Amino acid sequence: MKQTALYQKHIDLGAKMVDFAGWEMPISYTSITEEHGYVREKCGLFDVSHMGEICVRGKEALHLVDYIFTNDVAAMDDHQVLYGMMCYPDGGVVDDLLVYRFAEDHFLLVVNASNVDKDYAWVLEQNHFDCRVTNESDNFSEVALQGPLAQHVLQKLTQYDLNQITFFTSQMIPIDGMTFLVSRTGYTGEDGFEIYGAHQDIELIWEQLLVTGGNQIAPIGLGARDTLRFEVALPLYGNELSPTITPLEAGLSFAVKLDRQDFIGRDALVQQQEQGTLRRLCGLTMMDKGILRHGYEVYHEDTVVGVVTTGYKSPSTNETVALALIDRPYDKRGTKLTVDIRGKRKSVVVRTKKFYNKNYKK
């Protein structure tokens, strides 16, 4: 398995390590529930160096990224960050990603760890433009600092006014004598920053943040990262998005600009929008005892009408809830359905996906 530059730091902190997309990563240091609460109340530090980074540079870099991305790249300003998808021609999703614009001829695509090789091959295949695509994943390490005290902790290490990094923008800034790419983005529903740098610099900033933050910060594993993103209905590729699930079915139309010029998947998605999706990502609340898990089938009477994509007992609200793709017309709020849990039917009710409100600084 691959190891990040922070591997020994995790071992020294007593992390429980697991295989995640071919990387040996910390799933937790204490407990998922405790770490989840730390991010909601103070701030947490994540090693997300396994994420992939693909650079697009050159005269027609904008045209390539615009062609493969569902959101409106042409409308981006320098230093802006956009969330969206790369789609197949049938509207299924290659991956969801962040696009960083540094200039009209320079973009960075930050993609899921499990999809790096597939994504890189896909972007290369679509590159019929005057630009160069390079996989820079081995040259970047990344940490995410997330939580209501994130700015307070990070500001102690830099003279740069972090208020200048507004929601979904980025800057190259000096931190403790080093230079990092810092964006006000994240995957927890809390305010915070994602910090990219060279491997040795990320090791130093990891140590500095934990020392400087004291009892206001804690290292957080990927277990809590999943419960945090789930509570605020942020999608996970392989669960809420896949080659067989379109962004419109997943409720991500805000990141799909169908009114602009051609991009891969646009025709299929326009048709799906006009005809209406046959299923929709919904929230479920469990009415019986049990935990809803990915892959469980959802029933109306004896007919399968959906599937659970992610389920947990919410650490913040203590409710047993789930995200699920539900066939229409069973997707209406208040609809009573059942879920098969190891051969027993358990009652659920369709609800909004807002299990917990986001606390972004905008």
Side-chain angles (χ1 to χ4, degrees), residues 1-36 38-39 42-55 95 97-98 108-120 134-147 150 153-154 157 175-183 185-188 192-229 236-238:
M1 282 187 287
K2 298 179 181 177
Q3 297 174 350
T4 73
L6 297 171
Y7 173 79
Q8 191 57 48
K9 307 289 184 189
H10 303 317
I11 298 300
D12 293 344
L13 288 165
K16 180 181 179 182
M17 306 297 284
V18 298
D19 179 359
F20 185 90
W23 291 82
E24 194 169 5
M25 300 295 291
I27 190 73
S28 65
Y29 301 85
T30 55
S31 75
I32 291 175
T33 301
E34 182 177 333
E35 292 170 19
H36 182 110
Y38 225 96
V39 175
K42 297 181 179 179
C43 73
L45 185 61
F46 302 77
D47 178 10
V48 285
S49 301
H50 58 316
M51 299 292 284
E53 291 84 13
I54 298 171
C55 275
D95 201 3
L97 63 152
L98 292 179
L108 177 70
L109 316 180
V110 179
V111 304
N112 284 298
S114 58
N115 292 336
V116 174
D117 292 341
K118 178 184 72 170
D119 291 354
Y120 181 50
T134 55
N135 183 357
E136 303 291 342
S137 302
D138 289 341
N139 300 322
F140 278 98
S141 283
E142 179 190 355
V143 294
L145 181 66
Q146 299 280 294
V153 170
L154 184 58
L157 295 179
I175 302 176
D176 199 29
M178 299 164 280
T179 301
F180 296 89
L181 169 64
V182 177
S183 59
T185 54
Y187 196 47
T188 62
F193 302 90
E194 292 180 298
I195 304 168
Y196 304 80
H199 305 310
Q200 65 275 15
D201 292 346
I202 287 292
E203 288 183 69
L204 293 173
I205 197 67
W206 172 274
E207 290 180 350
Q208 289 295 323
L209 284 167
L210 290 179
V211 170
T212 303
N215 63 5
Q216 296 176 327
I217 188 173
I220 309 295
L222 297 184
R225 185 170 182 256
D226 197 45
T227 56
L228 288 157
R229 70 91 193 163
L236 176 66
Y237 190 87

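Being a predicted model, the structure only gives us computed values, none of them experimental. Both backbone and side-chain heavy atoms feed into the values below; hydrogens, waters and symmetry mates do not.
At a threshold of 4.5 Å between non-hydrogen side-chain atoms, the residues L45 and V153 do not count as touching. Side-chain contact between L210 and L13: present, with at least one pair of heavy atoms (C-beta onward) separated by less than 4.5 Å. For the pair I32 and D226, the minimum side-chain heavy-atom distance is 4.5 Å or more. Two residues are said to be in side-chain contact when any heavy atoms from C-beta on lie closer than 4.5 Å; I220 and R225 fail this criterion. Side-chain contact check for E194 versus V110: every heavy-atom pair is 4.5 Å or farther apart. Using a 4.5 Å cut-off on side-chain heavy atoms (C-beta onward), D47 and I202 make no contact. Between L236 and Y187 the shortest side-chain heavy-atom distance falls below 4.5 Å.
Of the options H10, E34, K16, a side chain to side chain donor-acceptor pair (under 3.5 Å) to Y29 is made by H10 and by none of the others. Checked against Q208 for a side-chain contact (heavy atoms from CB on, under 4.5 Å), the options L154, I175, D176 give a single hit: D176.
Remark: side-chain polar atoms of D201 are not paired, donor with acceptor, to backbone N or O of F180 under 3.5 angstrom. Side-chain atoms of E35 come within 3.5 Å of backbone N or O of T30 as a donor-acceptor pair. Between the T4 side chain and the L6 main chain, a donor and an acceptor come within less than 3.5 Å of each other. In this structure a side-chain-to-backbone donor-acceptor pair under 3.5 Å is present from S49 to E142. Judged by distance alone, the side chain of H199 and the main-chain N or O of D138 form a donor-acceptor pair under 3.5 Å.
Closest approach of E136 and C55 over heavy atoms only: CG-SG, 3.6 Å. Shown here for C43 and L145, the closest heavy-atom pair between the two residues is SG-CD1, 4.0 Å. V48 and A144 get closest at one heavy-atom pair: CG2-N, 4.0 Å. Between I217 and Y38 the shortest heavy-atom distance is C-CE2, 3.6 Å.
Note that CH2 of W23 is 12.0 Å distant from CE of M1, once rounded to the nearest 0.5 Å. With rounding to the nearest 0.5 angstrom, the OG1 atom of T185 is 9.5 Å from the CZ atom of F193. One finds the CE atom of M178 at 9.5 Å from the CD atom of Q200 (value rounded to the nearest 0.5 Å). Once rounded to the nearest 0.5 Å, the distance linking CD of E24 with NZ of K2 reads 13.5 Å. Atom CG of N112 sits about 7.5 Å away from atom CG of D119, to the nearest 0.5 Å. The structure places NE2 of H50 at 5.0 Å from CG of L222, a figure rounded to the nearest 0.5 Å.
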Inset, instruction - Could you go through the side chain to side chain contact (heavy atoms under 4.5 Å, CB included) check for M51 and Y196 one step at a time? - result: CA-CA 11 Å; M51 299 292 284; Y196 304 80; over 6 Å; no
Inset, instruction - Kindly determine whether S137 and N135 satisfy side-chain hydrogen bond (donor to acceptor under 3.5 Å, both in side chains), including the steps that lead there. - result: CA-CA 6 Å; S137 302; N135 183 357; 2.7 Å; yes
